[in-house]
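Heads up, the thing below is written out as structure tokens.
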Amino acid sequence: MADKPSKLKARLPRGLADRGAADIAATRRMIETIAKQFELYGFEPLETPAIEYTDALGKFLPDQDRPNEGVFSFQDDDEQWLSLRYDLTAPLARYVAENFQTVGLPYRSYRYGWVFRNEKPGPGRFRQFMQFDADTVGSASPAADAEMCMLAADTMEALNIKSGSFVVKINNRKILDGILDTAKISPTKWLTVLRAIDKLDRLGFEGVRALLGSGRKDESGDFTKGAELSPDQIEMIEVLWRPVEIPGYKFASLGGSGTFALSQANDAGQSKNMERVGVSDYIDNMKTLDAWEILFSKATKSLEGIHELKQIISVCEAAGFGSKRIRVDSSVVRGLEYYTGPVYEVELTLDTIDDKGRPVRFGSVGGGGRYDGLVSRFMGQPVPSTGFSIGVSRLMAALTLLGKIESKPEAGPVVVTVFDKDRLGEYQAMVKQLRDAKIRAEIYLGNPKNFGNQLKYADRRNAPCVVIQGSDEKAKGEITIKDLILGAELSKLEKGRDEYLQKQAEAQTTVPEGKLVEAVRAVLKRHKLDKP
RNA sequence: GCAGCUGUAGCUCAGUUGGUUAGAGCGCUGGUCUGUGGAACCAGAGGUCGGUGGUUCAAGUCCACCCAGCUGUACCA
């Protein structure tokens, strides 16, 4: 072994994060808000463990008895493969299948928790992150899908993200399938083509065209192989986002998105140079779907998907959700492996800049769709289901960057300072009094020799005030309460030293010993900390 | 996985064309100072210069390989 005892390097595995007091408090608030909204929609809570059998998650590699490397997996003592869950939907499907007799369909439940993905992390992307998920299992009704979209929109607004700062996009996988089929694209290429379409918002029209054709070179010089489609085939796919001419319709295109038909209301004064925000005000979901019916009239599967979307959209519109909050968008792809019909995606439309001044687009903070095949993997019968997940961690990261999260740490405990080491018991008794009155309090546990250090500590802990009883106060049967928040404010205002000291004294009050709780409460009330 | 960039103290970084014992600021610990915080001053702890090998009288500095991190890209249920 090494000659020198080498120090252990303290380090956190990449893609994982420690979370401090402020972060935890913000997460708690967010979870509470979302849960309330989900319960309002009638969903009931359900929790499943973080570990499942790998086969239940459906992540064995084809033709191998080894799990996909994207999931954290290990073998049980009986050699069966176990995995950390990578989403909350697959475990739910297992739960429903296992308790099929008792759950009662349609089964509507919600859950939140940590999920794990063994992938390359990036800004706002972690290997452990939190999802919040709602599902309706056992209903094929378009109303169930509509409800997912409405729930997504309502939840965003409950989180104080205003209408216009987000959009719930909805598409139908059947539309895409129908087009791929009609364009006579070989099924072996479908996955590649869908993945390319999914990158529209990031790579733009040109980038996607390159990926559909011969391939694309990124800025570092790395080359991505394309789908090698013929120009005709590419043209058929590009109808999804290229403005087309159909008599009686006007279209607009949003950057990185599909093409949308505009409402009549806009016909009068239409300008080709409408601002992006202006355009979204005039988008008409139903007209867009009508136009798609014309465009894709030869693709029977697409028409089926469009018909489903019409039903969903009419439910949403009847409930007052228009195209500003819920918008059909032919470029949404999502979860290639198990979504079978409608797919949804929640996108933050706010742009901002990061700490290096570069523009950041948050993109998707949630999504979902209909997964009619997931539960039936365990069953002999079809169990149509639809669900929706919010990426809590990513949404939190986005809102923090936008300055929409209260980042100020919570007030700390009242700190009882120590003057006489011999009277620790008496100080502890004061702490007990405060705790009995439900006030967070603690005795100073560091080296009490230097009184200044005790105040520094209290300051760092964000303590609203400290309790002081030195020999002077003790002799008179008194205690001193020092208001640290007031002290901080006053010291910022005043410049002169004498004045500073005087003001500082004002932030202190001396009261009889018996009034400890009362005096501390007064300080808390002054700073509105009395009500948690 | 592929590509580009970067690795010096807990953190942010300096370190000349290769040249004595590798520095600074912040932070930390202690002291000035058991009676008043975010102030000042003093002292201290803390380094296999990412690793291994090579070139050289001499390597933090040059070369090769490896490792790690960041960014892009691929995959992303």
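Keep in mind it's a predicted model, so treat the numbers as computed, not measured. Note on naming: letters A, B, ... go to the chains in the order of the sequence lines (proteins, then strands), and numbering restarts at 1 for each one.
Residue A/Asp133 contributes atom CG, which lies 12 Å from atom C1' of B/A77 at whole-angstrom precision. Here the C1' atom of nucleotide B/A74 and the NZ atom of A/Lys217 are 16 Å apart, to the nearest Å. Atom CG in A/Asp483 sits roughly 18 Å away from atom P in B/U36 (whole-Å rounding). Per the geometry, CG belonging to A/Leu211 stands 13 Å off C1' belonging to B/C75, to the nearest Å. The interatomic distance linking A/Tyr427 (OH) with B/G35 (P) rounds to 12 Å, in whole Å. Rounded to whole Å, the distance from CZ on A/Arg334 to C1' on B/C76 is 10 Å. Look at CZ on A/Arg370: it is 18 Å from C1' on B/A77, rounded to the nearest Å. Rounding to whole angstrom units, CZ of residue A/Arg14 and P of B/C67 are separated by 13 Å.
At a non-hydrogen distance threshold of 4.0 Å, A/Lys449, A/Asn450, A/Phe451, A/Gly452, A/Leu455, A/Lys456, A/Asp459 from residues 448-459 of chain A come into contact with RNA chain B.
Nearest nucleotide to the side chain of A/Arg460, out of B/C28, B/U73, B/G30: B/C28. Here B/G35 is the nucleotide among B/U73, B/G37, B/G35 with the atom lying nearest to any side-chain atom of A/Phe419. Nearest to the side-chain atoms of A/Val71 among the listed nucleotides B/C75, B/A77, B/G37 stands B/A77. Of the candidates B/G30, B/A77, B/G72, the closest approach to any side-chain atom of A/Asn447 belongs to B/G30. Of the candidate nucleotides B/U73, B/G37, B/G30, B/G37 has the atom lying nearest to any side-chain atom of A/Lys482. When each of B/G35, B/C75, B/A77 is scored by its nearest atom to the side-chain atoms of A/Lys199, the top-ranked nucleotide is B/C75.
As rounded to the nearest Å, B/G47 and B/C66 have P atoms that lie 30 Å from one another. Taking atom P in both B/G53 and B/G69, one finds a spacing of 23 Å when rounded to whole Å. The same atom, P, is picked in B/G54 and in B/G60; the two are 15 Å apart, to the nearest Å. When the P atom is used for both B/A68 and B/G23, the distance is 32 Å, rounded to whole Å. The separation of B/U29 from B/G46, taken at their P atoms, amounts to 16 Å, rounded to a whole angstrom. The same atom, C1', is picked in B/G18 and in B/C57; the two are 12 Å apart, to the nearest Å. Taking the P atoms as reference points, B/A9 lies 15 Å from B/G15, given to the whole Å. Nucleotides B/C26 and B/G44, compared at atom P, are 16 Å apart to the nearest Å.
Note on A/Arg127 versus A/Glu119: no salt bridge recorded, every NZ/NE/NH1/NH2 to OD/OE distance being 4.0 Å or above. A salt bridge links A/Arg334 with A/Glu345: at least one charged nitrogen is closer than 4.0 Å to a carboxylate oxygen.
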Practice prompt. Convert the base pairs of RNA chain B into dot-bracket notation, remembering that pairs crossing earlier ones are written with [ ] and that bases paired across to another strand are shown as |; include only Watson-Crick or G-U pairs under 3.5 Å.
Written response: (((((((..((((.....[...)))).(((((.......))))).....(((((..]....))))))))))))....

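Other residues, nucleotides and ligands contribute only 12 or fewer heavy atoms inside 6.0 Å of the OH atom of A/Tyr112.
Using a 4.0 Å heavy-atom cutoff across all strands shown, A/Lys120 reaches at least one base atom of the nucleic acid. Heavy atoms of A/Ser471 sit under 4.0 angstrom from at least one base atom.
The phosphate of B/U73 (OP1 or OP2) has a side-chain N or O of A/Arg202 nearer than 4.0 angstrom. Between B/C76 and A/Arg394, no contact under 4.0 Å exists linking OP1 or OP2 to a side-chain N or O. In this model, the phosphate group of B/C76 is approached by a side-chain N or O of A/Arg195 to a distance below 4.0 Å at OP1 or OP2.
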Worksheet item: Stepwise, does the side chain to side chain donor-acceptor pair (under 3.5 Å) test hold for A/Arg370 with A/Thr340?
Response: CA-CA 6 Å; A/Arg370 178 162 282 282; A/Thr340 52; over 6 Å; no

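Using bins of under 30°, 30° to 60° and over 60° for the plane-to-plane angle, the ring pair A/Phe132/A/Tyr110 lands in the parallel bin. The aromatic rings of A/Tyr339 and A/Tyr371 sit tilted, their planes meeting at an angle between 30° and 60°.
Rounding to the nearest 0.5 angstrom, the gap separating the CD1 atom in A/Ile197 from the CG atom in A/Leu203 is 12.5 Å. With rounding to the nearest 0.5 Å, the separation of NZ in A/Lys482 from OG1 in A/Thr509 is 11.0 Å.
Checking A/Gln508 against A/Thr480 by side-chain atom types alone, no donor-acceptor pair falls below 3.5 Å.
Taking 4.5 Å as the limit, some side-chain heavy atom of A/Phe100 sits within range of a side-chain heavy atom of A/Val383. Side-chain atoms of A/Thr386 and A/Tyr344, non-hydrogen and from C-beta on, do get closer than 4.5 Å to each other.
Both A/Gly15 and A/Val418 lie near RNA chain B, and the one whose nearest nucleotide falls closer to the 5' end is A/Val418. Of the two residues contacting RNA chain B, namely A/Pro121 and A/Gly70, the nearest-nucleotide position lying further toward the 5' end is that of A/Pro121.
A/Arg117 forms no cation-pi arrangement with A/Tyr86, by the criterion of a distance under 6.0 Å to the ring centre and an angle within 45° of the ring axis.
With hydrogens and angles left out, the side chain of A/Glu473 and the base of B/G35 share a donor-acceptor pair within 3.5 Å. Interface remark: the A/Glu119 side chain does form a donor-acceptor pair with the B/A77 base, using a distance-only criterion of under 3.5 Å.
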